[in-house]
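Here's the structure, in structure tokens; my notes come after.
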Amino acid sequence: MIHFLMMVLFAALVAVVFGIVGRDTLRERSLYGLKIFAEFLGIGLALAWLLYFLPI
Amino acid sequence: MPEEATMGAWLAGLAAWAVPGAGHMLQGRWGRALLLGGAVWAMFLTGLILGGHLFSLGGQEEGTSALLRVPPMIANLGTGILYLYCWATNTGFAEGAEQAARMTFEYGNTFLLVAGLLNYLAMLDAFDIAVGRKS
């Protein structure tokens, strides 16, 4: 569980910074931040499942 | 038309590097300072709590392998006074097997590295605002 929470916290903090420095208006920043957050989580979970099936 | 970099712009950039959030505070952008600075501080402190390792030039490696410490050190150094304080108090620089065996050791490393890199972005943002490249 802690692994997932760490990933969520990491994604949230990075999304805040990227959202602010990457766009100009409040709406654009919010959407961009949410997009970054969702991408971090989505790609992280996809990679986790991919690695789960790989034999060690 | 962007203005030429003034002393104030360099000062804002320097302040943003030295104390995360201070560069935007100097410009009166309190919300941005709180969010950017807060994110960097939170990431750095979380990294320390998770048992992450801060990099410096001094270490057990010799020769060219010691150069591998330079890139992560540059990333860590991005947190400015937070890194310097830890360096002065020898906090987070321990290199023991016990620390490395912690479950969250690598998470902590990543948080500490990325905190510095994010602060470099915040520093450039403060500088760009000061020279008129961004609003």
Side-chain angles (χ1 to χ4, degrees), chain A, chain B residues 12-13 16-17 20-21 23-25 27 29-52 75 78-79 102-130 132-135:
Chain A
M1 187 64 184
I2 189 174
H3 302 278
F4 181 70
L5 289 178
M6 289 299 103
M7 186 171 77
V8 171
L9 178 64
F10 183 87
L13 294 174
V14 173
V16 166
V17 176
F18 275 29
I20 292 172
V21 303
R23 293 292 184 269
D24 293 325
T25 66
L26 180 62
R27 181 183 155 74
E28 284 175 346
R29 282 179 185 144
S30 305
L31 289 175
Y32 187 58
L34 284 173
K35 184 181 158 213
I36 295 282
F37 180 70
E39 283 176 351
F40 262 106
L41 288 191
I43 293 171
L45 289 173
L47 282 174
W49 275 108
L50 188 68
L51 292 172
Y52 176 76
F53 291 111
L54 288 180
I56 298 176
Chain B
W17 167 77
H24 293 92
M25 252 183 231
Q27 297 168 334
R29 294 171 184 265
W30 299 97
R32 199 181 278 220
L34 192 69
L35 286 171
L36 288 178
V40 173
W41 278 81
M43 192 161 265
F44 187 86
L45 294 175
T46 305
L48 278 185
I49 291 167
L50 293 176
T79 49
R102 283 183 66 168
M103 188 179 73
T104 55
F105 176 69
E106 288 296 341
Y107 289 140
N109 282 349
T110 305
F111 271 75
L112 290 172
L113 292 169
V114 175
L117 296 175
L118 290 179
N119 200 41
Y120 283 131
L121 282 179
M123 180 184 81
L124 292 173
D125 188 64
F127 184 85
D128 282 346
I129 290 170
R133 290 181 194 142
K134 290 179 85 173
S135 56

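Below, chains carry the letters A, B, ... as their sequence lines are ordered, and counting in each starts from 1.
- Between M43(B) and F10(A) there is a side-chain heavy-atom pair separated by less than 4.5 Å.
- With contacts defined as side-chain heavy-atom distances shorter than 4.5 Å, the pair I2(A)/Y107(B) does not qualify.
- Among the candidates V17(A), V16(A), L13(A), the single residue satisfying the side chain to side chain contact (heavy atoms under 4.5 Å, CB included) test with L35(B) is V16(A).
- Looking at N119(B), its side chain does come within 3.5 Å of a backbone N or O of G78(B) through a donor-acceptor pair.
- A122(B) and A16(B) get closest at one heavy-atom pair: O-CB, 4.4 Å.
- Listed options G38(B), A42(B), A39(B) were ranked by heavy-atom pairs under 4.5 angstrom with chain A; first place goes to A39(B).
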Between Y120(B) and L124(B), is a side chain to side chain contact (heavy atoms under 4.5 Å, CB included) present by the stated rule, with each step listed? CA-CA 6 Å; Y120(B) 283 131; L124(B) 292 173; 5.6 Å; no
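- When heavy atoms are compared at a cutoff of 4.5 Å, L50(B) approaches chain A solely by way of its side chain, counted from C-beta outward.
- The interface of residues 24-49 of chain A with chain B, defined by heavy-atom distances below 4.5 Å, comprises R29(A).
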Could you please spell out the steps behind the side chain to side chain contact (heavy atoms under 4.5 Å, CB included) verdict for I129(B) and H24(B)? CA-CA 9 Å; I129(B) 290 170; H24(B) 293 92; 3.8 Å; yes
